[in-house]
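Sequential numbering from 1 along the given sequence is applied to the chain's residues.
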Amino acid sequence: MNPKAAIYCRLSEEDKHKQLPSDDSGSIQNQKSMLQQYAAEQGWEVYDVYSDDDYAGADRNRPAFNRLLNDASKRRFDIILCKTQSRFTRELELVETYIHGLLPLWGIRFVSIVDNADTANKGNKKSRQINGLVNEWYLEDMSENIRSVLTDRRKNGLHIGSFALYGYQKDPDQKGRLLIDEEAAAVVREVFTLYAHGYGKTAIARILNEKRIPNPTEYKRLHGLRYHQTENSTLWKYDTISHMLTNEMYIGNMVQGRSGSVSYKTKQKKPRPKSEWYIVKNTHEPIISQDLWEQVQALLTQRARPFQAGSIGLFAGKARCLYCGYTMRSTVSRGRRYLKCPNRHVSKDACPGAFIRTDALEQLVLSELNSLSEQFLDKDALEQSILSDDHSKELQKQLQKTIAFSEKKAAEYTKALHTLYLDKVTGLISQEDFTEMSKEFTAQRIRFERQLAESQTQYANAAEASAADGVTRLHEIRSQYLPLKRLTREATDCFIDHLSIGRRTPGTKDVPVEIHWNF
């Protein structure tokens, strides 16, 4: 039977000549054509074509790439065929992990036709490693160059985002310039005007939802922009209104760099302090007048009323709606403090609306906690159940995974050595190839056996330390917290992961509450 080849293609930038977003780019099509022709010339059967368009070589979350690796692990083909090694990956770590590690172990050959990478040719392993190193340097240099260019553009007040802020659109004739999108800008003006007239943020969200006005993310989607939403909700929310009312972009100032990437190898972002933002004034036409802006900012300052000066509410961030999962907010009515689901107030159909008095919830949690204390605290079963703190449990869990992985890899290399010896005996490989490959396989087996022994020792030490620390922790909890006469934020953080709260059962005073403990 002819060998089966899996063709992998990748392009990092969107082709400007696509007719539809779902179409493959011209460059991807050219890669496919070249690789299919090469496979035919070699007499290889094409198993499947895996294509990642608009994905960078350092992106490990490429869907087709991960599907390719999954199929490779199941030995569904014999060869992976690419145009260049960098199409497969630009990371040296992945070159070593897959091209020089797992693929040979799975019996899969890697071939790239432009730079002549071929794992069947033992002589070009060093050139493949050099290619990987050069590609890694390329990624780092490119990241620094792009960062430098983007910083310069930010300092000059040019917009560099993929999407314009809601209320604006990109100028098609001048890169980096924003123009007012009148349809969305009218909504922005309405939001600022309503707040200036005394409407709250939740009330404004409800007004917009009742008018069936799409929120900013839904607005982008409806206008054909390929915007990735973090949630599927099309509703205006309190937070959306809040962010809009404090955004200087609406008075003509360009504000960029609120967050930055952790590393060029990941898309993860982290927020930056305001002192590191890039703010350039008067770069585009304002939607909101300076007078209206100042009026709204003054109102925002006046209305900022914390629960208690310098303190956090008992259940802040821990109380969630039982129906929609949204974090509940604190409110005051007739001198009493309540927790309620904000979704109920932004749209009548969004959620049934969880609602409970804060003091009633405190008494319920306190009663339940002290009841558990009386029933179980002195029993050996509870002592054993909380012997390990979260950090120790996580450490032991990770060590267990490492032990299992090391055992598996050591066994695989032992089996690979046995297979290699049989191949030498039957004449499938030469003595020279056997010697070279057996040295590498043996070294890998020894490495994983050593890792296994070290992990088993660490696991035993962690378990012993966990038991000792757990007893100490148990006594600390007894002495510091239990029994409780009044719930404190410190105790809430110690005992409660989160609370799921519903709406009062009709005809009763009962409110459904699910307490998710930390133990």
Side-chain angles (χ1 to χ4, degrees), residues 12-14 54-61 90 137-181 184-185 187-188 191-192 201 215-217 219-221 223 225-231 237-290 292-294 296-297 300-301 304:
S12 58
E13 293 184 1
E14 184 178 354
D54 309 332
Y55 285 90
D59 190 346
R60 298 190 179 194
N61 294 319
R90 287 192 182 275
W137 289 340
Y138 167 79
L139 279 177
E140 190 170 0
D141 290 344
M142 183 175 64
S143 174
E144 288 301 319
N145 290 337
I146 291 174
R147 190 188 301 272
S148 176
V149 171
L150 294 182
T151 298
D152 184 65
R153 291 179 64 80
R154 287 188 181 112
K155 289 179 178 178
N156 288 312
L158 296 173
H159 183 264
I160 64 168
S162 301
F163 302 94
L165 177 69
Y166 180 77
Y168 290 97
Q169 59 186 351
K170 291 184 175 183
D171 187 342
D173 301 320
Q174 185 176 338
K175 191 174 183 179
R177 184 166 178 257
L178 295 179
L179 301 176
I180 290 180
D181 177 358
V187 179
V188 175
V191 168
F192 275 82
K201 298 170 189 175
N215 69 1
T217 52
Y219 182 82
K220 290 183 177 70
R221 190 189 68 78
H223 283 72
L225 297 177
R226 300 174 67 189
Y227 187 79
H228 298 289
Q229 295 178 243
T230 55
E231 57 180 35
K237 301 282 184 68
Y238 176 97
D239 290 340
T240 310
I241 303 297
S242 182
H243 293 155
M244 181 178 288
L245 292 172
T246 57
N247 196 328
E248 287 185 49
M249 294 277 285
Y250 292 119
I251 56 171
N253 299 339
M254 188 67 71
V255 182
Q256 299 181 103
R258 295 171 184 264
S259 62
S261 59
V262 176
S263 164
Y264 69 89
K265 291 187 176 184
T266 176
K267 292 183 179 180
Q268 183 181 352
K269 301 281 187 180
K270 64 177 180 180
R272 289 174 173 158
K274 192 171 183 178
S275 59
E276 296 181 11
W277 294 1
Y278 297 91
I279 303 177
V280 182
K281 295 188 176 181
N282 303 318
T283 60
H284 51 274
E285 186 180 355
I287 293 176
I288 303 302
S289 69
Q290 188 67 33
L292 179 56
W293 169 264
E294 291 175 358
V296 166
Q297 301 314 302
L300 288 170
T301 303

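When all heavy atoms of Arg154 and Val280 are compared, the closest pair comes out as O-CG2, 3.6 Å. The two atoms that bring Gly167 and Val188 nearest to each other are CA-CG2, 4.3 Å, heavy atoms only. Of all the heavy atoms in Ala164 and Lys170, the pair that sits closest is CB-N, 4.0 Å. Of all heavy-atom pairs between Trp277 and Gly257, the closest is CD1-O, 3.5 Å. Between Ile288 and Trp293, the closest heavy-atom pair is CG2-N, 3.8 Å. Listed here is the closest heavy atom pair of Leu178 and His159: CD2-CG, 3.8 Å.
Note that the OH atom of Tyr166 and the CD1 atom of Ile287 stand 9.5 Å from one another [nearest 0.5 Å]. Taking NE2 of His284 as the reference point, atom CD1 of Ile251 lies at 9.0 Å (rounded to 0.5 Å). Atom CZ of residue Arg258 and atom NE2 of residue His243 lie 9.0 Å apart, to the nearest 0.5 angstrom.
Side-chain atoms of Asn253 come within 3.5 Å of backbone N or O of Asn282 as a donor-acceptor pair. At distances below 3.5 Å, not a single donor-acceptor pair connects side-chain atoms of Gln256 with backbone N or O atoms of Gly157. Not a single donor-acceptor pair under 3.5 Å links the side chain of Asn156 to the backbone N or O of Leu158.
Between Val187 and Tyr219 there is no side-chain heavy-atom pair separated by less than 4.5 Å.
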Pair Gln297, Glu248 - check side chain to side chain contact (heavy atoms under 4.5 Å, CB included), show working. CA-CA 11 Å; Gln297 301 314 302; Glu248 287 185 49; over 6 Å; no

Let's go through Lys201 and Leu300 carefully: what are the C-alpha distance in whole Å and the side-chain angles of both, what is the deciding distance for side chain to side chain contact (heavy atoms under 4.5 Å, CB included) to 0.1 Å, and is it a yes or a no? CA-CA 10 Å; Lys201 298 170 189 175; Leu300 288 170; 3.7 Å; yes

I'd like to know whether Met254 forms a side chain to side chain contact (heavy atoms under 4.5 Å, CB included) with Tyr278, so could you lay out the CA-CA distance, the side-chain angles of the two residues, the decisive distance to 0.1 Å, and finally the verdict. CA-CA 8 Å; Met254 188 67 71; Tyr278 297 91; over 6 Å; no

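Enclosure of atom CD in Glu294 by more than 12 non-hydrogen atoms of other residues, nucleotides or ligands within 6.0 angstrom is indicated.
Aromatic ring orientation, Tyr168 versus Tyr250: parallel (interplanar angle below 30°, classes split at 30° and 60°).
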